[in-house]
Structure formats: C-alpha cells, structure tokens
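Here the structure comes first, spelled out in structure tokens, and everything after it is commentary.
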Amino acid sequence: MRIDIVSIFPEYLAALDLSLVGKARVAGLLDLRVHDLRDWTTDRHRTVDDTPFGGGAGMVMRPDVWGQAIDELTATGPAHLVVPTPSGTTFTQRTAEALATEDQLVFACGRYEGIDARVAEHYRAAGHRVSELSIGDYVLNGGEVASLVMVEAVARLLPGVIGNPESLVEESHGAAGLLEYPVYTKPPVWSDLEVPDVLLSGHHAKIRRWRRDRALEKTSARRPDLIAALDASTLDKHDRAF
Ligand SMILES: CN1CCN(Cc2ccc(Cn3ccc4ccc(-c5n[nH]c(N)c5C#N)cc43)cc2)CC1
C-alpha cells in the first residue's frame, strides 16, 4: 500500500518514522510519503489560504493549490482521498479495515477553517473514492493528528506489520465487537493486588469464558451502544446476564 500525507506542517507526521509504522516503511511493507502542501504553491509567499466567501471568521484553504498537489499524487492510479474534518463520518475500526484494502490513500490535512468544499466535490466527480472522516466529537486545530490516528489504525492491519497476526483477532472493537478484557503480567502480586486465580489455572476454557465475561461486563458498563449493535448470534443466553 502507498500512503501520501499532505500538510503545511509535515514535521507533525514525524511520529510515523517510529515504532511499528517506521519499521514497516523500512521493511518495504508500506510506502508512506509525507509532503509539504506549500511545495505546490506558485507565489513568492507560498500562499495556501484566503478569506471565506460569505464572510465569517478565519481563513479557508485554497482549492487550486490542493488540486495541484492531489492531481500529482494520484497520477499513477486510483487513489482513495481521505479528508479529516470535524464534520466527517466517524472513523471506526470498520473504516480502518475498509481503507486497509486500498492500493493508495491520500490524506489531505487541512488547517484554518478547513479546505474549500470543491476539492472533495471535484475528486468525487473525477471518479475517486473520497472519505471525509472525523476521529471523534472534539475539536482539533487541523487534520494532522487525525491522520496520525487513521494511518496507524490502517497500517497495523497490513500483512506483516504486526508481528503476531493473532493479536488482531481478539482486539477491542474487533470481530466480537466488545471492549477488551483486563490483562495482567508478572509479578503475581503487586501493591497487595493479586492476579485473578483463573488466569493462573491453566484451564483454557475457563480462561476464555472469564475473559469473555469481563469483556461483556466492561462493554455493558462503558459502551452499551456496542452491545445493542451485536447481532443475536453473537450473544448467547449466558452473555445476556450482563
Ligand atoms: C465558525 N466555526 C465554524 C465551524 N468550525 C469548525 C472547525 C473547523 C476547522 C477546525 C480546524 N481544522 C482544520 C482542518 C481540520 C481537520 C480535522 C479537524 C478535526 N477536529 N476534530 C476532529 N475529530 C477532526 C478530525 N478528523 C479539525 C480541523 C476546527 C473546527 C469552527 C469555526
């Protein structure tokens, strides 16, 4: 997969040189390129914004500069344009799974009051998939942090990026749709707190049941919406006790 990220603060994306995503890039598992939007400006001040039509506070990012950038970056084939925005569809694990199937993603990191609406409109009309996505109901100053979140969530789903693919199976918001159960490691007693006996029992069926029960308990308490979204086949009668 190729991922292009365009921003006026490319250094914000330096975190993608680190850890698993950084290793995946070095290993050739992920072709990730970060670009400075100002490289596509043509004026001496390298201007990327202007005042909003219709008035109002703040500045809006110009469509012409974005158009030059996205045209160049999508010239080699069908790319999925991702535009982080506070008004976007909520980004979820399902969204990450869908994006992970694409050949190329282009993230357009807006700033100011956002990107001229014609940019998304233009690329939809040109036949590109365009997703305007939000990572949550809070206000950020731009699209860079959201792009970091989405790129990490997508990259870890790519073959070979996570050392143990097994760990992708049981994850929170994973296939079972439940929050994750509590995890423990050595020492067996810490701060006068003990590890639950069942986890030391070696009885794998009981351990699986205990973990599912804790996941159901936590999900019922913190995210009843996820319980409601589970289809009947996922929950057996034992599960409904929570
Ligand atoms: C008068 N009012 C009219 C409404 N605006 C709304 C507004 C518009 C832009 C910005 C700043 N910004 C610029 C680009 C950009 C991309 C993503 C996000 C973002 N925030 N939160 C998420 N989950 C995000 C994601 N993903 C924020 C961004 C903040 C607030 C305020 C002023």
Side-chain angles (χ1 to χ4, degrees), residues 1-16 21 30 32-41 45-71 73-74 79-102 104-124 128-157 172-173 179 222-223 225-226 229:
M1 172 184 279
R2 172 177 164 175
I3 298 179
D4 294 276
I5 307 176
V6 186
S7 165
I8 58 173
F9 297 120
E11 58 277 15
Y12 230 108
L13 288 308
L16 296 174
V21 174
L30 171 61
L32 194 149
R33 310 171 194 195
V34 177
H35 312 273
D36 185 341
L37 178 66
R38 294 189 195 277
D39 291 349
W40 283 277
T41 58
H45 298 295
R46 310 187 83 203
T47 310
V48 294
D49 62 312
D50 208 327
T51 53
F53 280 121
M59 302 292 274
V60 173
M61 300 192 93
R62 295 171 49 148
D64 52 347
V65 181
W66 276 107
Q68 292 294 324
I70 298 169
D71 279 356
L73 297 175
T74 58
H80 191 139
L81 177 61
V82 178
V83 184
T85 169
S87 61
T89 307
T90 301
F91 176 81
T92 67
Q93 188 65 20
R94 304 293 87 79
T95 319
E97 289 161 358
L99 293 179
T101 66
E102 298 282 2
Q104 182 186 6
L105 302 176
V106 177
F107 285 82
C109 299
R111 280 274 157 170
Y112 312 105
E113 296 306 309
I115 300 172
D116 186 300
R118 289 170 292 180
V119 172
E121 185 181 346
H122 167 78
Y123 286 100
R124 280 196 185 95
H128 288 274
R129 277 182 296 285
V130 180
S131 294
E132 295 176 84
L133 299 175
S134 166
I135 60 168
D137 294 335
Y138 37 79
V139 181
L140 303 170
N141 294 328
E144 287 80 8
V145 167
S147 294
L148 282 169
V149 166
M150 292 190 261
V151 166
E152 177 158 316
V154 170
R156 63 196 308 280
L157 298 176
S172 275
H173 307 274
L179 299 183
R222 297 181 185 175
R223 291 294 303 276
D225 59 300
L226 293 179

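Atoms within each ligand, like the ligands themselves, are counted from 1 in listed order.
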A quick test of your reading: do over 12 heavy atoms of other residues, nucleotides or ligands sit less than 6.0 Å from CD of Glu152? no

Min over Ser134, Gly110, Pro86 of heavy-atom distance to atom 18 (C) of ligand 1 lands on Pro86

Among non-hydrogen protein atoms, atom 23 (N) of ligand 1 lies closest to Gly136 O, 2.9 Å

Does only the side chain of Ile115 get under 4.0 Å from ligand 1, or the backbone, or both, or neither? Count heavy atoms. neither

Ligand 1-proximal atoms of Asp137, by part, heavy-atom distance under 4.0 Å: neither

Is atom CG of Asp225 surrounded by more than 12 heavy atoms (other residues, nucleotides or ligands) closer than 6.0 Å? yes

Would you mind running through ligand 1 and noting each atom that sits below 4.0 Å from a heavy atom of Ala146? 25 (C), 26 (N)

Taking all atoms of both residues into account, what is the closest heavy-atom pair of Pro63 and Arg118, and its distance? CG-NH2, 3.7 Å

With heavy-atom distances below 4.5 Å as the criterion, would you say the side chains of Ile5 and Leu32 are in contact? yes

Any idea which protein heavy atom is nearest atom 13 (C) of ligand 1, and the distance to it? Tyr112 O, 3.4 Å

Atom 4 (C) of ligand 1: protein heavy atom closer than 4.0 Å? no

Counting heavy atoms only, which of Val149, Leu133, Thr85, Asn141 is nearest atom 17 (C) of ligand 1? Thr85

Any heavy-atom pair between the side chains of Glu102 and Val154 that's under 4.5 Å? no

Is any side-chain heavy atom of Pro84 less than 4.5 Å from a side-chain heavy atom of Met150? yes

With a heavy-atom distance limit of 4.0 Å, tell me whether Phe91 approaches ligand 1 through its side chain, its backbone, both, or neither. neither

Which residue owns the protein heavy atom closest to atom 16 (C) of ligand 1, what's the atom, and how far is it? Pro84 O, 3.2 Å

Taking every non-hydrogen atom, the tightest pair across Ile115 and Val60: C-CG1, 4.2 Å

Tyr12 atom OH, neighbour heavy-atom count above 12 within 6.0 Å: no

Considering only non-hydrogen protein atoms, determine which one is nearest to atom 30 (C) of ligand 1 and report residue, atom name and distance to 0.1 Å. Val139 CG1, 3.6 Å

Can you tell me if Gly142 contacts ligand 1 (heavy atom of the residue under 4.0 Å from the ligand)? yes

Protein heavy atom at shortest distance from atom 20 (N) of ligand 1: Leu140 N, 3.0 Å

Check whether any side-chain heavy atom of Asp116 sits under 4.5 Å from a side-chain heavy atom of Trp66, and report yes or no. no

Nearest protein heavy-atom contact for atom 2 (N) of ligand 1: which residue, which atom, what distance? Glu113 OE1, 4.1 Å

Which bit of Ile135 is near ligand 1, meaning a heavy atom under 4.0 Å away: side chain, backbone, both or neither? both

Identified side-chain hydrogen bond (donor to acceptor under 3.5 Å, both in side chains) partner of Ser7 from the options His35, Glu144, Arg111, Arg38: Glu144

Tell me, which protein residue and heavy-atom name are nearest atom 21 (N) of ligand 1, and how many Å apart are they? Tyr138 O, 2.6 Å

